[in-house]
Amino acid sequence: YKEAAKNALVLRMSLLRYFYTIFFEISENGGSFWRPLFFEFPEDNGAVNDPEHSFMIGKALKFTPVLKSVGENGTVDSYFPPNTKFIDIITWEIIQGRGKIEQLPARWDFPLIHMKEGTIIPYQAFADASTTDQLVKERFINLFIFPDHNKNADGTVFVDSDGISTFSLDTNTHQYYRLTFSDRMIRFVLVDGYDAGGRLDMN
């Protein structure tokens, strides 16, 4: 239990930059952090009628919590919309969505988290950082990129000074980028915040 709890906390902290980006977007445009599947797939009746408890965080990550005892080598149901691909960000196994419920191994050591194709998420390895401030200021931002069938992907990233206060917003020293990936190139476009003359934030 200790190992599973530690893994879940380290993973959550490593995804903080993605979470902060979503919170910034919600503060500017409205919306919700936790999202049922039909928010992302409104035309899919299967997503509307999904009987399980899977949900999206933003448009990129799909979570399938294990909410009941399933025993050793047990499975949990998770619905994947048709004509989609998702990748497990722990094992890097790809699931081809077929508009049906898939049986996922109910592993005990890591949460079941899948990334939707065509998306980019920022990720900071928590490693030995002991505070949120240290994580935000001192850990490099990595990008997880999962291209779609056209080999394209997009996402956003919000960068501020400490991850806690509103100082960066109050002083317009934050940076909010739109990220695109195509032709094996990553492009950063500053959408909001401080224009550093084309220079990216230090991390």
Side-chain angles (χ1 to χ4, degrees), residues 7-29 31 33-35 40 55-64 80 84-97 110-129 131-164 168-169 173-203:
N7 290 343
L9 288 170
V10 168
L11 183 59
R12 185 181 71 177
M13 296 298 286
S14 298
L15 290 170
L16 269 186
R17 179 63 59 190
Y18 176 65
F19 297 161
Y20 286 172
T21 299
I22 297 172
F23 286 135
F24 173 75
E25 292 169 346
I26 292 172
S27 73
E28 295 291 300
N29 307 311
F33 183 77
W34 312 94
R35 310 170 70 189
E40 189 64 28
F55 58 90
M56 300 288 292
I57 291 187
K59 72 172 189 175
L61 292 183
K62 178 180 182 290
F63 286 70
T64 304
F80 289 85
T84 61
K85 278 186 181 178
F86 286 82
I87 189 169
D88 187 317
I89 68 169
I90 302 300
T91 65
W92 305 116
E93 294 178 10
I94 293 177
I95 293 181
Q96 177 71 57
F110 279 99
L112 293 168
I113 306 177
H114 293 84
M115 182 175 169
K116 182 170 156 280
E117 67 174 339
T119 60
I120 302 172
I121 64 169
Y123 180 92
Q124 288 175 284
F126 186 63
D128 58 348
T131 65
T132 303
D133 184 63
Q134 185 182 27
L135 173 69
V136 172
K137 287 183 176 179
E138 300 178 15
R139 295 295 176 268
F140 290 111
I141 296 175
N142 302 290
L143 298 177
F144 284 178
I145 303 173
F146 184 30
D148 61 18
H149 62 282
N150 292 318
K151 301 188 185 326
N152 298 324
D154 65 77
T156 52
V157 61
F158 171 75
V159 181
D160 65 351
S161 60
D162 59 12
I164 299 172
S168 295
L169 292 173
T173 54
H174 66 286
Q175 293 172 315
Y176 174 65
Y177 296 99
R178 181 163 303 283
L179 315 174
T180 58
F181 173 81
S182 62
D183 299 325
R184 294 188 293 179
M185 294 181 62
I186 304 171
R187 296 174 175 86
F188 294 76
V189 177
L190 184 69
V191 178
D192 189 55
Y194 174 66
D195 185 349
R199 296 190 307 276
L200 300 179
D201 177 87
M202 62 176 289
N203 63 355

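Note that the structure is predicted; figures quoted are calculated from it, not measured.
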Report task. Decide side chain to side chain contact (heavy atoms under 4.5 Å, CB included) for Glu93 and Ile95; before the verdict, give the C-alpha distance in whole Å, the side-chain angles of both, and the deciding distance to 0.1 Å. Result -> CA-CA 7 Å; Glu93 294 178 10; Ile95 293 181; 5.9 Å; no
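- Scanning all heavy atoms of the two residues, the minimum distance from Pro147 to Ala153 falls at CA-CB, 4.1 Å.
- Here the straight-line distance linking atom CD of Gln175 with atom CG of Asp160 works out to 10.5 Å at 0.5 Å rounding.
- In this structure the side chain of Ile89 never reaches within 4.5 angstrom of the side chain of Phe146, judged on heavy atoms.
- Atom OG1 of Thr84 is separated from atom NE2 of His149 by 12.0 Å, given to the nearest 0.5 angstrom.
- Using a 30° and 60° split on the angle between ring planes, Phe55 and Phe63 fall in the parallel class, below 30°.
- Scored by the salt bridge (charged side-chain N to carboxylate O under 4.0 Å, His left out) test, Asp192 finds no partners at all (sequence neighbours excluded).
- At most 12 non-hydrogen atoms from other residues, nucleotides or ligands lie less than 6.0 angstrom from CZ of Arg178.
- Exactly one residue among Tyr20, Phe158, Phe24 makes a ring-ring contact (aromatic ring centres under 6.0 Å, His included) with Tyr176. That residue is Phe24.
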Query - Worked check of side chain to side chain contact (heavy atoms under 4.5 Å, CB included) between Ile141 and Val159 - result: CA-CA 10 Å; Ile141 296 175; Val159 181; 4.1 Å; yes
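- Met115 is not listed as a side-chain neighbour of Ile113, based on a closest heavy-atom distance of 4.5 Å or more.
- For the atom pair Lys85 NZ and Gln96 CD, the distance stands at 5.5 Å (nearest 0.5 Å).
- The CG atom of Asp183 sits 11.0 Å away from the NZ atom of Lys151 when rounded to the nearest 0.5 Å.
- You'll find the side chain of Phe110 stays beyond 4.5 Å of the side chain of Thr91, heavy atoms only.
- Across all their heavy atoms, Pro122 and Thr21 have their closest contact at CG-OG1, 4.4 Å.
- The side chain to side chain contact (heavy atoms under 4.5 Å, CB included) check on Asp148 picks up Glu117, Asn150, Asn152, with sequence neighbours excluded.
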Requested in this report: Go through the steps to decide whether Phe188 and Leu190 satisfy the test side chain to side chain contact (heavy atoms under 4.5 Å, CB included), and finish with yes or no.
Outcome: CA-CA 7 Å; Phe188 294 76; Leu190 184 69; over 6 Å; no
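- Residues Ile26 and Gly31 share a closest heavy-atom pair of CG2-O, 3.7 Å.
- The CG atom of Leu143 sits 6.0 Å away from the CG atom of Leu179 when rounded to the nearest 0.5 Å.
- Residues satisfying the ring-ring contact (aromatic ring centres under 6.0 Å, His included) criterion with Phe33, sequence neighbours excluded, are Phe19, Phe23.
- Shown here are the side chain to side chain donor-acceptor pair (under 3.5 Å) partners of Lys59, two or more places apart in sequence or in another chain: Asp154.
- Remark: Thr180 OG1 to Arg187 CZ distance equals 5.5 Å, nearest 0.5 Å.
- The backbone N or O of Tyr177 lies less than 3.5 Å from no partner atom in the side chain of Thr156, so there is not a single donor-acceptor pair.
- Without hydrogens or angle criteria, Gln124 side chain to Leu15 main chain gives no donor-acceptor distance under 3.5 Å.
- For Lys116, the salt bridge (charged side-chain N to carboxylate O under 4.0 Å, His left out) partners two or more places apart in sequence, or in a different chain, are Glu40.
- For Tyr123, the ring-ring contact (aromatic ring centres under 6.0 Å, His included) criterion is met by Phe144, not counting sequence neighbours.
- In this structure the side chain of Asn7 never reaches within 4.5 angstrom of the side chain of Leu11, judged on heavy atoms.
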